[in-house]
Amino acid sequence: MKKRMSTSTSLKAEPKRQRLFTHRFLPMILLLSAAFFVGSAFIITDYKERILGWGSVMVLQYARPKMCETQCRAYGTEALPRGIISETSDLEMRPLWGLQNKKKPKLPMNLLAIAVGIKQKESVNKIVKKFPESDFVVMLFHYDGIVDQWKDLEWNDHAIHVSAANQTKWWFAKRFLHPDIVSEYSYIFLWDEDLEVDHFNAKRYLSIIKKEGLEISQPALDPEKSELHHPITARDEKSTVHRRTYKVIGRTRCNENSTGPPCTGFVEMMAPVFSQASWRCAWHIIQSDLVYGWGLDFQLGYCAQGDRTQKIGIVDAEYVVHNALPTLGGSAANKVPSSSSSSEPDGRSEVKKQSFIELEIFKNRWKRAVKQDNCWVDPYEQSTKKQ
């Protein structure tokens with residue numbers, strides 16, 4: 001009986017508790033739930049937007065045409081749109097203000113670059129005057145550090161001057177004539193300063209090498225007045241251009257079957273002229289740490305853009321005199337030995353010694369490069385063996 005009464009009493013009390021819970025806590029739970037769902041909606045929307053944003057980027061990246069995957073971009077330009085990339089430059093001077101005169105059409109320009117010292121100022125002046133300003137940009141490499149004393153020459157302000165004490169032509173060329181900098185120029189004349197140009201005309205020279213299809217060339221040397229190191233560079237009075245010599249050079253007997261230097265496919269390094277394409281190749285052969293350039297002349301045939309026996313030649317119709325002046329290290333060589341300086345090295349002899357050292361280094365590097373590059377094929381290997 002007592003058990004039944006307690007049971008019925010507890011059953012009556014339960015509805016009261018439920019009503020109390022409903023009135024007190026249910027509104028609070030509903031408010032919290034509403035706040036939770038509203039907040040979740042904002043968070044999920046923001047998250048979705050972020051996911052969709054990155055997703056669209058990923059989709060765009062993967063949806064690019066397959067041709068984009070095969071496009072070759074220069075190192076460092078991958079993050080840029082192609083249209084803004086400026087891959088090349090030039091040596092043209094620009095005004096500080098105002099618009100350039102665009103009325104005149106831009107003619108194909110060429111570059112004359114010379115390593116100079118103030119002692120050869122007169123000789124350099126004669127050389128530069130042989131190259132019309134309308135067709136040539138002039139660049140002087142001052143190896144003695146003297147620049148201001150050239151200001152009295154009429155063409156000085158139009159020339160580009162680069163100064164670094166006791167550096168060679170090839171040191172300057174490697175650092176300041178990168179192919180992308182000089183890509184605007186059809187031909188590059190990379191000359192020494194000790195040349196006499198009384199019988200040279202730059203415009204006629206250009207006309208000849210274009211007609212003959214010469215990618216690498218040089219003006220012939222007057223054999224009576226020049227210091228000749230290689231018989232092939234001597235002028236042949238009976239021809240306009242020659243491409244080979246028939247002399248006996250050391251143990252080599254040059255003839256019509258010869259296919260390489262020193263019989264054919266060769267120019268000397270005192271006055272070479274490069275086409276734009278051949279210079280892009282030749283620049284890469286120049287070694288940054290080998291400043292005299294010895295050995296380069298025997299390998300230039302690989303940059304001839306074809307058969308070196310045809311694409312490399314000596315222009316006889318426009319010739320020069322090479323005086324072979326000892327300019328680098330010459331000041332030291334001219335000093336009179338004294339008791340205090342007798343132990344000091346002679347500048348000129350040290351230059352010559354270093355040149356031979358660099359020649360051997362270059363030869364060894366070439367041999368090592370050929371041996372290590374399994375993908376490279378020597379186009380002249382068979383012909384060289386036959387020779």
Practice problem: Please check if atom CZ in Arg175 has more than 12 non-hydrogen atoms from other residues, nucleotides or ligands closer than 6.0 Å. | Solution: yes
Practice problem: Test side chain to side chain contact (heavy atoms under 4.5 Å, CB included) on Val128 and Leu153 and set out the steps. | Solution: CA-CA 10 Å; Val128 172; Leu153 299 177; over 6 Å; no
Quiz item: So with a 6.0 Å cut-off around NZ of Lys352, is the heavy-atom count from everything else above 12?
Solution: no
Practice problem: Give a yes or no answer on whether the side chain of Arg235 reaches the backbone of Tyr319 with a donor-acceptor pair at less than 3.5 Å. | Solution: no
Quiz prompt | Least distance between heavy atoms, Phe298 atom then Pro261 atom | solution = CD2-CB, 3.5 Å
Quiz item: Between Phe131 and Phe200, does a ring pair (Phe, Tyr, Trp, His ring centres under 6.0 Å) hold up when you go through it step by step?
Solution: CA-CA 10 Å; Phe131 291 81; Phe200 178 83; 5.7 Å; yes
Exercise. Applying side chain to side chain contact (heavy atoms under 4.5 Å, CB included), run through Leu91 and Tyr185 and close with a yes or a no.
Key: CA-CA 9 Å; Leu91 299 172; Tyr185 308 110; 3.3 Å; yes
Self-check item: Hydrophobic cluster identity match, Ile114 and Val291, side-chain contacts under 4.5 Å
Solution: no
Quiz item: Would a hydrophobic clustering, with Ile, Leu, Val, Met, Phe, Trp and Tyr connected at side-chain separations under 4.5 Å, put Val124 with Leu195?
Solution: yes
Quiz item: Any donor and acceptor pair, going by atom type alone, linking the side chain of Asp192 with main-chain N or O of Asp194 inside 3.5 Å?
Solution: no
Self-check item: Linked, directly or transitively: Val138 and Met109 (ILVMFWY side chains, under 4.5 Å)
Solution: no
Exercise. For the pair His178 and His284, name the ring-plane relationship: parallel under 30°, tilted 30 to 60°, perpendicular over 60°.
Key: perpendicular
Quiz item: Taking Glu154 for the side chain and Asp152 for the main chain, is one N or O donor matched with an acceptor at less than 3.5 Å?
Solution: no
Quiz item: Closest approach of Asp236 and Asp316, non-hydrogen atoms and distance?
Solution: N-OD1, 2.8 Å
Quiz item: Strictly by modelled atom types, are Ser275 and Glu215 linked by a side-chain donor-acceptor pair under 3.5 Å?
Solution: yes
Quiz item: Leu290 and Phe172: same hydrophobic cluster, using ILVMFWY side-chain contacts below 4.5 Å?
Solution: yes
Practice problem: May I ask you to decide if Glu360's main-chain N or O and Asn364's side chain share a donor-acceptor pair within less than 3.5 Å? | Solution: yes
Quiz item: Does Asn166 CG have over 12 foreign heavy atoms under 6.0 Å away?
Solution: no
Practice problem: Evaluate side chain to side chain contact (heavy atoms under 4.5 Å, CB included) for Trp294 paired with Ile361, printing each intermediate quantity in order. | Solution: CA-CA 10 Å; Trp294 281 33; Ile361 294 173; over 6 Å; no
Quiz item: If you take all heavy atoms of Thr233 and Gln218, which pair is closest and at what distance?
Solution: CG2-OE1, 3.6 Å
Quiz item: For atom CD of Glu78, is the number of surrounding heavy atoms from other residues, nucleotides or ligands below 6.0 Å larger than 12?
Solution: yes
Practice problem: Return yes if some donor-acceptor pair links the side-chain N/O of Glu358 with the main-chain N/O of Tyr292 below 3.5 Å, else return no. | Solution: yes
Quiz prompt | Whether Lys174 side chain and Ile286 backbone form a donor-acceptor pair below 3.5 Å | solution = yes
Quiz item: If you take all heavy atoms of Tyr246 and Glu256, which pair is closest and at what distance?
Solution: CE2-N, 3.7 Å
Quiz item: Should Lys225 and Asp198 count as an ion pair when the cut-off is N to O under 4.0 Å?
Solution: no
Practice problem: For Tyr187 and Ser217, test the side chains for any donor-to-acceptor distance below 3.5 angstrom and give the result as yes or no. | Solution: no
Self-check item: Check: Ser355 side chain, Val351 main-chain N or O, donor-acceptor pair, under 3.5 Å
Solution: yes
Quiz prompt | pair Asp297-Val267: side-chain heavy atoms closer than 4.5 Å | solution = no
Quiz prompt | Minimum heavy-atom distance between Cys263 and Ile232, given as atom pair plus value | solution = O-CD1, 3.4 Å
Quiz item: Are Trp155 and Phe136 close enough that their ring centers fall under 6.0 Å?
Solution: no
Quiz prompt | Test: Arg280 and Asp180 ion pair at under 4.0 Å | solution = yes
Quiz prompt | Polar side-chain atom of Lys169 near backbone of Gly293 as donor-acceptor pair, under 3.5 Å | solution = no
Practice problem: In plain terms, say whether Arg365 and Asp289 are close enough for a salt bridge, that is, a side-chain N and a carboxylate O under 4.0 Å apart. | Solution: yes
Quiz item: Hey, is the main chain of Asp135 close enough, under 3.5 Å, to the side chain of Asn110 for a donor-acceptor pair?
Solution: yes
Quiz item: Could you go step by step and tell me if His161 and Asn156 meet the side chain to side chain contact (heavy atoms under 4.5 Å, CB included) rule?
Solution: CA-CA 9 Å; His161 301 265; Asn156 177 76; 2.9 Å; yes
Quiz item: Is there a donor-acceptor pair under 3.5 Å between the side chain of Glu350 and the backbone N or O of Arg348?
Solution: no
Quiz prompt | For the student: nearest non-hydrogen atoms of Ile312 and Arg243, plus distance | solution = O-CG, 3.6 Å
Quiz item: Cluster question for you: counting only ILVMFWY and a side-chain heavy-atom cut-off of under 4.5 Å, with indirect links fine, are Val116 and Trp171 together?
Solution: no
